[in-house]
Amino acid sequence: MDVLAQQLFNGLTIGSVYSLVALGLTLVYGILHVPNFAHGALYMVGGYVTLMSMTLLGMPYFVAMFIAILVVGGIAVLMERLVFNQLRDSPPIHDKIAAIGLLLFLETLIRVIWGSDYRSMTTPFSDDIISFLGITVTTQRILIVVAAVLAMIALQLFLKKTMVGASIIAMSQNREGAFLQGINANRVAMLTFFISGSLAAIAAAINAPINLVFPDMGHLVILKAFVIVIIGGMGSVPGAIIGGYILGFSESLGATFISAEYSDIIAFVLLVIILTVKPQGLFAKGAH
Amino acid sequence: NGGGESDVTEEAEGTPAPGAPDGGDGGEEVEVETEVAEGTEVVDIGFSGPLSGAGAYYGNNTLNGLTMAIDEINESGGFEVDGEMYSFNLVSLDDQYLPDETGANVRRLVQENDTPAIFVPHSGGTYATQVFNEEDEVLLGAYSSEPEITQQDNDLTWRIPPTYDNYVEPFSEYQMERFGTDLAMLAPNTEFGMDWVEALGPAWEEMGGEVVHDSSVDYEQDTDFYTLITNALSDDPDVLFVGGSSEPTAQVMQQARELGFEGGFLVMDQAKLDEIDNVLGGAPDIIEGSVGVAPLVHDIHEGNEQFVSNYQDMHDADPGSEAGYHYYSVYILAEAMQAAGDTENAHAIREHLDEGLQQVDEDKRIYDVTEVAEDGGMTTELRMAVVEDGEIELVDFDD
Amino acid sequence: MLTLTDVSVRYGFYEALTDISMKVEPGELVVLLGANGAGKSTIFRTISGLNKPTKGGIEWNGASIGGMSASKLVNAGIGHCPEGRKLFPEMSVYENLKMGSYAVRRNKKEVADTLERVYTLFPILEEKMKASAGSLSGGQQQMLAIGRAMMSRPQLLLLDEPSIGLAPLIVKQVFDVIHEINRGGTTVLLAEQNANAALKIADRGYVIEDGKIVVEGGQDELFANDEVRKAYIGA
Amino acid sequence: MSMFKRNATPLIFLFIALVVPFVTDNQYYLYILTLAFIWSIAVYGMNLISGYTGQLTLAHAGFFAIGAYSLGLLTVDANVPYWIAFVVACVITTVAGLLIGLIALRTKTHYFAIYTLCVGYIIYLIIYQWDELTGGVRGLIGIESPGAIGSITFDSAESNYYLVLVFLVLTIIFMKFITESLVGRTFMAIRNSEELAQTIGINTMKQKLLSFVISTFFAGMAGALYASFVQFIGPEISYTMTMFDMLTYLIVGGIGTMYGPLVGTFIIVTLTQSLQFMEEYRMLIFGPVLVLLVIFYPRGIVGGIQMWRAKRQHKKRQKITKQSSDTSTYGGGD
Amino acid sequence: MLIETKGLTKAFGGLTAVDEVDVGIDKGKITAIIGPNGAGKSTLFNVISGFYPSTKGTVVFNGEDITKKKAFNVAKLGIARTFQTTNLFEQATVMDNVIVGHRLRTKSGVIDALFRTPRLKREERASREKAEEVLSFVGLTKEANRLVSDISQEAKKRAAFAVALATDPEVVFLDEPAAGINPDETDGLIALMRKMVDNDLTVCLIEHKMQMIMEIADHIVVLNQGKKIAEGTPEEIQNNEIVIQAYLGGGDEDADAH
Ligand SMILES: Nc1ncnc2c1ncn2[C@@H]1O[C@H](COP(=O)(O)OP(=O)(O)OP(=O)(O)O)[C@@H](O)[C@H]1O
Ligand SMILES: Nc1ncnc2c1ncn2[C@@H]1O[C@H](COP(=O)(O)OP(=O)(O)OP(=O)(O)O)[C@@H](O)[C@H]1O
Ligand SMILES: [Mg+2]
Ligand SMILES: [Mg+2]
């Protein structure tokens with residue numbers, strides 16, 4: 001086994017998951033201007049819906065993933081309608097608090113329905129092992145990387161090439177200004193939340209088979225996603241992608257060459273260092 | 001005026017028992033899970049554990065053990081102390097694993113229910129309770145394998161599970177013989193895990209082995225274990241020490257196999273081989289060569305047969321050791337009260353625990369507990385489980 | 001074409017507009033005069049759907065539009081260059097203009113033509129095409145706001161103090177352009193502190209005081225009105 | 001006289017707080033009240049930097065833990081006399097606050113919030129992983145209760161209750177004095193607009209740092225009190241969830257209000273206790289309640305009451321002016 | 001000369017917004033800075049007042065080099081400013097806005113607050129008196145207790161002046177104070193600025209309203225594309241061909257309606 005090559009691949013896998021979660025977060029930040037703490041809960045719900053569709057409804061893996069995308073996207077849209085939309089004009093602290101309230105609610109809801117125990121998810125790809133160039137991968141892990149990259153490319157094309165994408169960005173910068181160009185704010189906000197929820201669902205659905213499904217599964221992931229979003233510049237799509245991979249690689253290499261005990265600290269230390277040097281983040285837009 | 005002045009017992013008027021029997025103070029409800037027997041005096045037994053949040057699954061398992069035993073005792077008409085019939089009433093409170101909440105709960109149970117004994121299934125809560133339980137005269141049934149708990153000179157502490165150090169030697173011996181002398185440790189970063197590492201490392205080296213890798217894993221939170229396993233395997237171990245909750249442990253074992261590990265697993269006692277096997281959906285290749293504690297369901301004997309099948313019927317799941325031990329301890333407690341001739345005096349009960357233990361009926365002896373030692377810890381005879389040719393088998397330590 | 005009947009608007013407890021009735025006919029250039037805080041911007045915001053009237057009705061091309069959302073009204077042909085500009089600060093000048101054509105984005109040819117026109121009118125915008133709107137100077141931002149409002153090729157163009165912060169040379173140019181746009185068939189409703197310049201190109205005008213219309217009339221009438229001269233044009 | 005009148009409500013509550021131990025000997029009530037007081041001291045700290053200075057910090061559970069662990073380690077491992085350890089614990093927290101603040105406050109708004117969230121998490125991980133020092137996940141046991149001051153000892157629930165109450169009252173007085181002085185005005189100016197504050201000659205970095213450091217002092221002090229009260233501490237007190245709890249207390253009570261921290265903490269802590277029987281379901285209610293509260297009462301309970309009062313006064317005044325204008329119309333009618 | 005810049009330059013990436021500008025501001029005079037949109041006027045203000053670091057050149061105030069000073073220090077030295085878009089604490093009353101404007105002249109700290117020292121009481125009184133004084137100076141006494149978000153555009157401009165004046169400045173920089181203000185009220189602002197000068201203040205302003213500039217400025221500096229292209233008295237500037245071409249535009253009355 002070639003440790004370095006293996007660790008690079010491990011970093012790529014985990015970085016893909018991080019990037020997807022961070023992307024959803026950064027998108028919503030664009031509209032909300034608030035870190036959506038409930039995003040981790042969406043990730044978690046995505047894992048449960050996928051799993052339950054497979055075990056309770058007997059759906060195939062990809063169908064289950066699609067159901068999760070719809071359900072979690074729908075929940076995200078509801079959040080926007082019922083909560084964040086109402087808080088548009090309140091001081092910035094408040095939507096953070098509301099997000100925390102939503103997080104507590106969703107997590108408890110899942111616990112009440114499905115209990116707190118760990119569950120594992122098996123997919124058609126769980127067991128295939130492929131070895132090449134001295135590294136070992138499973139089909140599921142390749143799927144993670146490929147799916148994440150595809151999702152990111154699709155999103156980037158959507159944002160860059162369509163006016164809808166541009167209108168999301170416009171909304172984030174000046175709401176009234178966007179109305180006056182004929183942008184239907186509600187639709188855009190809902191769409192953004194839907195995309196953000198779907199990305200969380202995809203991330204959970206592809207990652208759960210190599211991990212587990214349980215109510216706390218979103219905690220650490222979301223915390224790291226925040227780190228990524230900050231490192232990459234809040235609201236920046238490329239920043240979230242690059243940041244996710246930076247973190248993935250630093251963790252796998254850091255655990256190998258620095259310390260395994262403190263590998264979870266790496267993300268946070270990285271953030272502290274970067275913000276200490278550049279308080280606006282790595283990819284901050286020029287201030288005016 | 002707050003509660004706490006009424007009698008410890010009162011005449012039950014039938015079932016179910018009213019909530020918070022002596023709570024004349026604002027009528028706060030406390031959940032009552034058990035039914036008391038008609039025409040008996042009621043003894044309130046307290047419980048403070050995680051019933052919500054991340055630890056809820058574990059907390060409810062411990063509670064299940066208590067509830068089952070109490071229900072059985074009450075259904076059979078209660079138990080006799082000093083010529084009077086008594087039944088138990090369980091008052092359970094949620095502490096979300098937080099020590100200060102445990103402190104609050106225990107105080108509440110003492111004040112409002114005047115409980116003579118309280119079960120706390122985690123060491124943080126145990127420590128927080130040890131601060132005042134002697135003063136408040138309440139027996140603390142601590143479910144924690146932390147040896148320090150019985151080293152606090154606390155006269156009212158009763159440690160229920162065995163300390164983990166009993167497992168270390170036989171496990172090591174078995175694996176070293178079967179796979180070789182190089183051990184890599186991927187311990188969980190929990191209290192349990194640290195205890196194990198501190199005992200296992202030196203013991204392994206004493207036997208002539210070498211610890212080639214030592215790192216800890218967050219079995220609960222890590223998004224992916226590949227990184228850490230890759231590092232552990234790069235040191236070419238013969239044996240891998242793993243273990244947290246059964247499910248993530250199963251993941252780690254599977255991923256170690258994916259990454260080409262062919263040696264044996266030394267599984268910490270928190271994880272159960274039967275559960276791991278379940279999680280993996282029956283994967284003999286993966287668990288082959290593992291050694292771990294004997295799962296209750298694989299260690300059926302006269303003492304636990306009935307319990308296991310009842311538990312399976314009621315909860316649609318196999319009981320774990322936390323349920324088994326709690327179940328057992330209720331019987332020990334009842335017998336200890338009988339032996340002490342007192343249901344209120346915690347000191348008297350504590351002093352008669354060992355005597356009570358010996359009095360428990362054969363068919364309620366879930367584990368082979370030999371004594372409640374001077375320091376309040378219970379001593380258990382243990383068996384280990386090994387996987388040979390894809391089958392889980394039990395081995396006595398002496399073999 | 002646009003009719004307001006007894007429109008009132010409140011901000012919380014405060015009534016900013018009281019029973020405003022006014023009319024804009026197709027092809028007209030109508031100017032709103034009034035002191036600071038008189039309610040000019042509020043009228044604009046109400047017409048373009050940013051504020052909801054608490055009372056009264058607004059009709060546009062025969063249909064009632066009171067309370068309709070701003071985004072729908074843009075599609076219905078009402079363009080608004082708002083007070084405070086409301087640009088997208090982190091988007092480039094070009095992207096801002098492109099967002100301006102959001103409502104008519106399918107008509108690529110027309111969008112390209114209008115863009116060309118905006119660039120001819122404000123060459124600095126073409127020069128700064130790639131700069132972020134937030135980095136522009138105050139006046140440049142104002143030009144961008146006007147240009148963006150033109151991009152949707154509205155039937156009715158609402159201009160809220162378009163000359164604010166512009167250099168004298170540009171002010172003159174802007175008024176010329178407004179005049180020209182108007183002659184090209186676009187109806188214009190204009191609020192201005194620069195009453196003299198505005199009235200010169202206007203067909204008619206209204207004077208607002210404390211949320212009420214106090215004077216209305218044609219260009220000549222207003223020029224002739226002593227009160228108006230004194231208050232808004234300077235003796 | 002007027003001072004009493006102005007502070008009538010708080011003084012009534014203080015009186016009630018003072019007599020509670022005489023009315024009940026229920027240790028459990030005293031324990032809960034004492035805990036609530038301790039937490040509210042920490043929340044007061046948060047309120048200064050987040051409510052009055054406008055910088056939402058999410059690291060204060062960490063500072064609370066630094067205070068608690070400093071006291072624990074000093075008394076357990078180093079055998080330092082209690083009150084010296086107490087002072088040193090506050091100093092350590094404050095110094096940590098200064099160092100972290102120096103870096104963290106260079107960031108603004110959400111960056112600051114998340115930066116501090118991460119700092120809090122790092123503190124948690126360090127406590128968790130550095131078991132040689134902190135006992136790691138096992139925690140610290142056997143922390144002393146507060147040492148005697150002269151002939152007053154603090155080993156009973158009542159005496160602890162009074163001790164914490166004294167600290168709470170001092171905290172409130174401190175906050176009141178600060179926020180109602182020029183210093184408070186400076187903080188609020190920064191909250192309202194940092195850019196403008198700079199223009200009018202306020203060294204915003206220095207002032208934010210001041211506010212942050214004071215706030216960490218109170219968090220640390222609360223932590224030290226907590227450690228000696230519960231006498232056992234584990235890493236969970238520095239965990240994000242503890243932080244979220246503190247934030248909830250602050251928001252429910254009313255961020256940026258004088259009595260919000262106390263009211264919020266008291267209500268949530270007692271509510272959590274009386275809803276014990278609901279276990280898991282508590283959060284199903286708390287979550288939505290939190291959301292509804294921020295939507296409909298953005299300045300919490302205290303802010304809500306203030307608004308209700310202001311409205312009533314407004315109505316009263318309107319009535320009066322209406323009456324007087326009515327009479328004047330009548331009087332002046334021609 | 002109260003303020004003097006030498007070779008002052010500010011570049012944003014490739015764009016040189018202020019290019020080797022030398023200006024002098026005389027004590028007790030009204031200096032106006034004019035120029036086309038994007039000429040670099042606001043940027044010049046931002047550099048002098050310490051909001052942007054300069055790329056090159058120096059700013060000297062009262063003989064002291066203040067080029068490297070931060071905004072709050074510049075304010076302490078006695079340079080106050082307003083912004084092109086009004087910038088006030090919207091959710092506070094006018095009075096509170098102005099009181100805190102005097103904070104930089106007070107010294108009370110936490111200790112004073114805790115012990116309610118005589119110094120604190122004295123300074124609190126002084127701040128309030130100062131606030132009342134400047135509010136009456138700008139004519140806002142009546143609005144003192146209203147929320148800033150509730151007052152009119154023009155009142156906000158005055159409030160911004162008041163906040164600037166509360167800092168006890170020697171010189172005030174005003175960025176387009178009359179933008180969006182109607183002719184009537186513009187006259188009021190002119191009077192106010194005159195009053196400032198009469199009270200020993202030095203005023204420097206940016207404006208596009210030529211009539212106003214010509215009426216009150218003692219000295220005019222013209223910028224174009226970052227460079228100073230002319231300076232002089234109003235008459236000189238009005239007749240300066242380069243200025244007419246770059247900025248005024250043929251003296252057409254439309255451009256300068258009032
Ligand atoms: N969002 C708001 N909330 C409360 N009051 C407002 C709001 N917007 C405007 N007002 C008030 O409504 C009145 C009319 O304001 P409006 O902006 O329409 O006036 P205007 O004629 O456009 O003035 P200006 O020439 O200064 O732009 C003013 O008294 C103003 O203070
Ligand atoms: N932060 C910035 N980043 C990049 N370019 C900037 C920035 N600020 C200003 N500029 C550019 O510098 C030039 C000068 O801008 P400035 O705001 O100083 O102009 P101004 O003279 O105040 O114009 P106006 O009269 O229109 O307000 C403009 O071309 C502008 O686009
Ligand atoms: Mg207006
Ligand atoms: Mg400017």
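Residue-environment remark: OH (D:Y297) stays at or below the threshold of 12 foreign heavy atoms within 6.0 Å. Other residues, nucleotides and ligands contribute over 12 non-hydrogen atoms within 6.0 Å of the CZ atom of A:R81.
Using a 4.5 Å cut-off between heavy atoms, D:I251 touches chain A through its side chain atoms alone. Interface residue D:L117: only side-chain heavy atoms are found under 4.5 Å from chain A. With a threshold of 4.5 angstrom between heavy atoms, D:L293 does not approach chain A through any atom at all. For A:L103, the part lying near chain D is the side chain, with the backbone staying farther off; criterion is any non-hydrogen pair under 4.5 Å. With a 4.5 angstrom heavy-atom cutoff, D:I295 touches chain A via backbone and side-chain atoms both. Proximity to chain D is limited to the side chain of A:L87, based on heavy atoms less than 4.5 angstrom apart. Of the atoms belonging to D:A104, not a single heavy atom falls under 4.5 Å from chain A. Residue A:L223 touches chain D through its side chain alone, counting heavy-atom pairs closer than 4.5 Å. For A:I274, no part lies near chain D; criterion is any non-hydrogen pair under 4.5 Å.
Counting heavy-atom pairs closer than 4.5 Å to chain D, the top residue among A:I100, A:L104, A:L106 is A:I100. Ranked by non-hydrogen atom pairs under 4.5 Å with chain A, the options D:L284, D:L290, D:V289, D:I103 are led by D:L284. Across D:L102, D:I114, D:I126, the residue that shares the most heavy-atom pairs under 4.5 angstrom with chain A is D:I114. Between chain A and the options D:G287, D:A113, D:S50, the largest number of non-hydrogen pairs under 4.5 Å is found for D:G287.
Counting heavy atoms from C-beta on, the side chains of A:V272 and D:Y115 come closer than 4.5 Å. Side chains of D:Y121 and A:L220 form a contact here, defined as non-hydrogen atoms less than 4.5 Å apart.
Listed by first and then second residue, the ring-ring contact (aromatic ring centres under 6.0 Å, His included) pairs involving residues 236-270 of chain D are A:F37-D:F244, D:Y124-D:Y239 (not counting sequence neighbours).
Pairing each heavy atom of A:A98 with each of D:V291, the nearest pair is O-CG2, 3.5 Å.
Separation of atoms CG (A:L275) and SG (D:C118) is listed at 8.5 Å; rounding is to 0.5 Å. Within the model, atoms CG of D:L247 and CD1 of A:I97 stand 3.5 Å from one another, a figure rounded to the nearest 0.5 Å.
Residues of residues 52-64 of chain D that come closer than 4.5 Å to chain A, counting heavy atoms only, are D:L56, D:L58, ordered by residue number.
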